[in-house]
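In what follows, a structure is listed as structure tokens, so that the remarks can point back to it.
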Amino acid sequence: MGKRIYLCLAHMSGAEQAFIQEAFDTNWVVPLGPNVNGFEEDLKNFVGEGKEVVALSAGTAAVHLALIACGVGPGDEVIVQSFTFCASSHPIKYLGAIPVFVDSEEDSWNMDPALLEEAIKDRIAKTGRKPKAIIPVALYGMPYRIDEIMRIAERYDIPVIEDAAEGFGSRFDGRVLGTFGRFGVLSFNGNKMITTSGGGALICPDAAAKTEIMFYATQAREAYPYYQHERIGYNYRMSNICAGIGRGQMTVAADHIAHHKHVCALYRELLAGVDGIILHENPSERYDSNYWLNTVVLDPGLHVKGEEHAYEAAVQGAVGGAAGVTHAAGTLHTDCEPNRNVEAMRIALDAAGIESRPLWKPMHKQPVYRDAPAYVNGVSERLFRTGLCLPSGPCVTDDDVRHIVASIKDAILD
């Protein structure tokens with residue numbers, strides 16, 4: 001087997017080393033410093049719209065702090081997109097609040113505005129209180145229907161926290177995601193559009209909001225000549241070293257986004273005429289996805305070599321190259337899983353040295369959220385059963401894409 005093609009791997013520009021070396025030379029090896037300030041300024045200029053930005057240790061930390069800033073506390077309800085990674089919903093539970101899941105609409109795969117308003121009305125009727133915040137998610141970089149979501153949010157006076165962790169540089173009507181709502185979340189994990197190895201940022205409406213977020217992100221210390229804490233704070237600031245990587249990455253951010261879009265165009269060209277496989281693309285000219293991950297849907301009637309053997313063996317470790325420790329699976333099946341042809345395609349691509357993975361499993365189908373309120377229409381469950389993520393990162397070449405598509409075609413039964 002030749003080189004392995006990974007889903008989305010970070011790519012260094014070469015500029016990062018100078019910023020990191022400067023941090024060592026000036027002894028700024030702490031969670032603040034010139035690189036942090038410079039990276040925040042770079043991000044501020046990138047997102048525009050008069051926003052301020054706080055660099056943090058993770059996108060999850062950004063969600064957490066945004067919820068705090070919106071006044072979320074124990075017993076409160078927060079509406080969040082179900083079709084997403086767990087980092088969108090877990091911080092709600094950190095605060096003792098209750099996630100209320102809303103399903104997706106067909107075009108963008110993101111939060112369905114009609115279901116959103118239905119959920120708001122029903123929660124008010126059932127609890128006597130409106131939800132404290134709304135969290136739409138830019139799944140795989142695709143913009144959500146933020147114009148409709150904002151109109152609904154404004155009608156009920158509920159703040160919006162945009163989870164644009166996967167949507168760095170994506171736009172709706174020409175405007176960068178994360179700048180429409182009260183707060184916007186960015187992620188710089190090792191597999192994102194740009195990386196700081198780990199890290200994230202929170203887009204804030206103004207300087208006062210940024211100051212308050214920074215207060216909570218640095219252990220919430222009061223102004224005394226000793227450590228005085230009157231509120232609970234967190235150790236969430238980005239390190240000067242990581243920010244140095246980010247500053248270097250910002251010099252190639254536009255190139256990375258352009259490359260992901262180019263890869264999508266090549267997938268479109270090469271998959272044209274392949275029956276039973278549909279590439280997910282911008283629904284209209286109002287959407288401008290960064291195509292962080294290119295995704296396809298396999299028709300349930302499409303047959304793949306070896307699908308009769310799918311799910312015969314337990315997966316060892318985590319599909320998708322996830323770092324860290326995973327628990328061994330207790331069973332071969334769950335009550336909501338990708339179709340056999342999708343799993344067979346994943347296995348076939350893996351055998352060809354190509355990393356792929358299923359779409360995010362909807363949060364309302366996760367055992368940890370079995371008791372959470374959910375407003376569903378079946379869209380995210382259907383997409384999870386039929387969808388697959390394909391390699392899309394800066395290290396993926398045109399020849400890689402040709403090999404991937406050839407491998408997909410080879411796996412399809414005539």
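The only member of Lys93, Lys130, Arg123 that meets salt bridge (charged side-chain N to carboxylate O under 4.0 Å, His left out) when paired with Glu77 is Arg123. Among Tyr216, Phe183, Tyr94, the one residue that satisfies the ring-ring contact (aromatic ring centres under 6.0 Å, His included) test with His64 is Tyr94.
Looking at Asn189, its side chain never comes within 3.5 Å of a backbone N or O of Asn191 through a donor-acceptor pair. A donor-acceptor pair under 3.5 Å is formed between the side chain of Asn240 and the backbone N or O of Asn35. For the pair Asn290 (side chain) and Phe168 (backbone), a donor-acceptor distance under 3.5 Å is present. Not a single donor-acceptor pair under 3.5 Å links the side chain of Glu307 to the backbone N or O of Arg340. Side chain of Glu162 to backbone of Gly181: a donor-acceptor contact under 3.5 angstrom is found. Between the side chain of Glu269 and the backbone N or O of Tyr267, no donor-acceptor pair lies under 3.5 Å. Distance alone, capped at 3.5 Å, is enough to place a donor-acceptor pair between the His256 side chain and the Met193 backbone. Counting only distance, with no hydrogens or angles, the side chain of Ser57 and the backbone of Gly199 share no donor-acceptor pair below 3.5 Å.
Heavy atoms only, all atoms of each residue included: Ala55 and Phe39 are closest at CB-CD2, 4.3 Å. The two residues Leu302 and Gly276 come nearest to each other via the heavy atoms CD2-O, 3.9 Å. Ala344 approaches Gly306 most closely through the heavy-atom pair CB-C, 4.1 Å. Lys3 and Thr397 make their closest contact through NZ-CG2, 4.5 Å (heavy atoms, listed as atom of the first residue, atom of the second, distance). The minimum heavy-atom distance linking Ala209 with Asp206 is given by the pair N-OD1, 2.8 Å. Minimum interatomic distance between Glu105 and Pro113 (heavy atoms only, all atoms of both residues): CG-CD, 4.2 Å.
Between Tyr144 and Phe180, the ring centre distance reaches or exceeds 6.0 Å.
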Chi angles and distances behind the ring-ring contact (aromatic ring centres under 6.0 Å, His included) call for Phe101, Tyr375
CA-CA 6 Å; Phe101 294 111; Tyr375 296 80; over 10 Å; no
Could you go through Asp335 and Lys365, starting from their C-alpha distance and side-chain angles, then the distance that decides it, and tell me whether this counts as side-chain contact (heavy atoms from CB on, under 4.5 Å)? CA-CA 8 Å; Asp335 68 342; Lys365 296 300 294 182; 3.4 Å; yes
Margin query: Run the side chain to side chain donor-acceptor pair (under 3.5 Å) test on Asp410 and Ser407 for me, step by step, so that the C-alpha distance in whole Å, both residues' side-chain angles and the decisive distance to 0.1 Å come before the verdict.
Written below: CA-CA 5 Å; Asp410 185 60; Ser407 299; over 6 Å; no
Item to complete: Report the C-alpha distance between Asn282 and Tyr291 in whole Å, list the side-chain angles of each, state the deciding distance to 0.1 Å, and finish with yes or no for side-chain contact (heavy atoms from CB on, under 4.5 Å).
Response: CA-CA 9 Å; Asn282 289 321; Tyr291 293 113; 3.3 Å; yes
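Considering only heavy atoms from C-beta on, Val47 comes within 4.5 Å of Val53 through its side chain. Residues Asp350 and Arg4 form a side-chain contact, since some pair of their non-hydrogen atoms from C-beta on lies under 4.5 Å apart. Contact check for Glu118 versus Val102: no side-chain heavy atoms found under the 4.5 Å cut-off. Residues Met142 and Ser170 form no side-chain contact, since every pair of their non-hydrogen atoms from C-beta on lies 4.5 Å or further apart.
Heavy-atom neighbours of Arg370 CZ from other residues, nucleotides or ligands within 6.0 Å: at or below the threshold of 12. The number of heavy-atom neighbours closer than 6.0 Å to CD1 of Ile278, taken from other residues, nucleotides and ligands shown, is 12 or below. Around atom CD of Glu285, no more than 12 heavy atoms belonging to other residues, nucleotides or ligands sit under 6.0 Å away. Counted within 6.0 Å of CD on Gln17, heavy atoms from surrounding residues, nucleotides or ligands total 12 or fewer; the atom is thus considered open. Surrounding OH of Tyr6 are at most 12 heavy atoms belonging to other residues, nucleotides or ligands under 6.0 Å away. By the 6.0 Å contact criterion, NE2 on His11 is open, its count of non-hydrogen atoms from other residues, nucleotides or ligands being 12 or less.
Asp414 and Lys305 are not joined by a salt bridge, as no carboxylate oxygen comes within less than 4.0 angstrom of a charged side-chain nitrogen. Glu337 has no carboxylate O lying under 4.0 Å from a charged side-chain N of Arg346, or vice versa, which leaves the two without a salt bridge. With respect to the salt-bridge test (charged N to carboxylate O, under 4.0 angstrom), the residues Glu154 and Arg151 do not qualify.
Side-chain contact check for Asp398 and His262: at least one donor-acceptor pair (N or O, by modelled atom type) lies under 3.5 Å. Side-chain N/O atoms of Gln81 and Asn110 include a donor and acceptor closer than 3.5 Å. Side-chain atoms of Ser380 and Asp103 form a donor-acceptor pair, as typed in the model, at a separation below 3.5 Å. Residues Tyr156 and Glu117 bring a donor and an acceptor atom of their side chains to less than 3.5 Å of each other. Between the side chains of Ser89 and Tyr369, a donor-acceptor pair is found at a separation under 3.5 Å.
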